[in-house]
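Single-structure report; data block below.
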Amino acid sequence: MPTINYTPFLEGEDLTAAGMNQRVNEVANGLNALDDSSVERHGLRYVHMPLLSAPGLFPAGFSKEAPLAAASVLDNYDNGLPALGGGGTGPTDYQTFSPNGPNAPYGPTGAPDDGAGWKIPAYQNVVADAAEVIINGGTAINLTTQRLKLLVRASIEVVEADGSGGSVNGTNSFIVGIGWEDGTTTRHVLERTVRWCSHDAIERGDCVTSTLITQADIAASGPGDGTIASVFMVVAGGARGSATGALDNGAQADVRYYNISCLPLHAGDL
Amino acid sequence: MPDITPPEVFVPGDVAEAARVSRNLYRSGSTPDTFEVINGRLSEENLDTVDIERRMVRARSFITALTRGATANTDFYEEFYRGDWDINALFDLPLIGTVGAFSRSLVIPGTGLTYTVDWEDCQGVYLAWHIGLVVDAGYILDAGVLKDKDGNNVAGVEADNLVTLHIDDFPVAPLSRKFKHGDQSMVFPETPGDPLRNDSVQVDARWWSGHMILDRVNSTTYVPPGNVQPWVKGHHTADLRLASKNPHIRFKTRRMTAIPIR
Amino acid sequence: MGWKYPRRVPQANCVLDFRDLNDGFLPTVEEDGNLGEQNWSDRLQTQLTRTTDLNTEVSMRTAQVSFILDASDGLDSTAAKVQNTQSWQTIPGLTRTLVSTGGTLYVLGTFQYSIGDSLADDDLAYARFGIQLDGAVFPILVNGDQDFYSEADGMEVGIGGFSQGVDVEGSFPVLPGEHTVDIVCNVRNLPGAQGSASAPGFYNRELIVVEMW
């Protein structure tokens, strides 16, 4: 219902100060307490609307790309993932990051790095060039408070890889995924984003993975602390083993360009 | 603006002055305190703890999307790229007179679109695309040995081509890909008389499902300052372009999507 | 609605009529419910904290992280599969029926795909992927070839290979009402080549639908 409740003057009504004040206040109070019913359908345009994401939430931008120089000298990633509980066999541990190499976990290790964990692509180990989008200058935010969800996509170009090989022929793979850093500077990987890309299939040119990150994904009741400070891409090499789930390491790959996109959406449920 | 407070409050015994009555109804001023606030000065303070809903907002106020594509096969042949130029040089090198790949690139039909930014405060443009292609380097499998069409052994799998995202004609270099040569040819059978075959582990179809956001932070890296940036209100183009020294590249289903965001 | 002014301004030395008084108030009163772009100042808010969901979306994801080999057909027995036919089929889980107020939808299907477990299989069954709206696949939103070539197997039609991450996405307009969006798969055994015993398997997968506003 509209909010202005006006009592018309009636014929023969005494004109009093109270009566005049009443009508003035009825209109003024209504104008001061408008609600959605007061607004004409589609009565607001973009000029009346704020931006999708609050200014300052993405001071470094929504996107991160490899530097131009990444085409001149190729980085080699030779890091493998451990198995849960350690070792080289059994279900894969998708949460461990390699501590090896300069500026770990950013950039290549520079040597075989079996079973050590994920790396975040960063050309020549330069952290500023990492496949990572920093949110709010690194001060973690709560997505519900900001009414945001994040559509994140990550891609990387594999140029040369081991090719056919692995315990089961043809299974050597480049593994990609998307992760986030929380307010305690702990990194997590969204395991639903993990993609195994066979070296043979990689020959087709690109590895990509995407996801929509919501507050539920980073909730304090889950692996995180309920806040998010950055999103990043993770890479590793590996090979599917036998039916027992053996994970071979040593499936290395040279990479060229990479990029990550983080699109803020102000979205609920359809 | 803050809530209005009508200036005239009547007290019993006041003379019923017309001017006092009208002063509450309408009085222009820098700070609206009459019903005149309704003339373009209502603001969120006048909205009493209500959330702005979609019903109230016109479409295309935050984000828009446009997708264009093509399905018919499109072929690029080496004859399109004759001349002396360097596939490994991205840009022209003026000092040594090298012609680079970007200046030789041709738009891949079906991957180009013109998008419109409707707002002065656009924050960026999200672009997403997909191409499928087959690279025919003219290779022949001769008694188990991979050779080029001149009979030379092929030493390793190469990629003498480059597909690059272009925005308003400017190349976005990190959004480029090289595609490995197919180890079978579409026009040279494995053995003369054989049907054409693809029977290898190294599959010949190539895909690229790419994406990029050009925003107020990174766009000047690719569109030099002084040029209209891709998030400025108005019309812009986005496309993929190919530079190639391969005998034949065939593109299949392909598309480009542009999503400006406020 | 446009700007409003009092219809009658009370004047000194004029007869005071109740209708004149009402005419002073009613133009403002009548605007309530019709407030439009002419009535509001620019930029109502500095950030979207008081706003409910404007880019409504539906996102459904099925996390299937296990990715090991199975003795029978080379795929993890818990992998979701489609039939090895040549018709479009919905990838299990990547379907959603929604009600739209009309406008443009952006759809992104992202998943882990794998076929076969040996060299003999991985190059023979090719899959294409696409986006389907209310039963119709959009031709330009297909990953893979459109053509049914006449030569035996001279052209790659889609994706082979052992395992790969795939994104299929695009935008399209929809009318107001209920719609069903699917990410679909179509397996094409090449004529003249051996049919593959392996059906494509799907592991981690997610469907994201965003309504543009």
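Residue numbers begin at 1 in each chain, while the letters A, B, ... track the order of the sequences.
Ring-centre distance between Phe129(C) and Tyr113(C): below the 6.0 Å cut-off. Ring centroids of Phe172(C) and Phe138(C) are separated by less than 6.0 Å, placing the two rings close together.
For a residue to count as touching a neighbouring chain, one of its non-hydrogen atoms must lie under 4.5 Å from one of that chain's; by this rule Arg153(A) touches chain C with the side chain only. Heavy-atom distances place both the backbone and the side chain of Val39(A) under 4.5 Å from chain C. Within the 4.5 angstrom heavy-atom criterion, no atom of Leu148(A) approaches chain C. At a 4.5 Å heavy-atom cutoff, Leu190(A) makes no contact with chain C through either its backbone or its side chain. Interface remark: Leu31(A) contributes side-chain atoms only to the contact with chain C (heavy atom separation under 4.5 Å). Residue Val176(A): no heavy atom, backbone or side chain, is found under 4.5 Å from chain C.
Salt bridge Arg192(A)/Asp217(A): present, at least one basic N to carboxylate O contact under 4.0 Å. Comment: Arg23(A) engages Glu13(A) in a salt bridge, judged by a side-chain N to carboxylate O separation of less than 4.0 angstrom.
The side-chain hydrogen bond (donor to acceptor under 3.5 Å, both in side chains) check on Thr16(A) picks up nothing, with sequence neighbours excluded.
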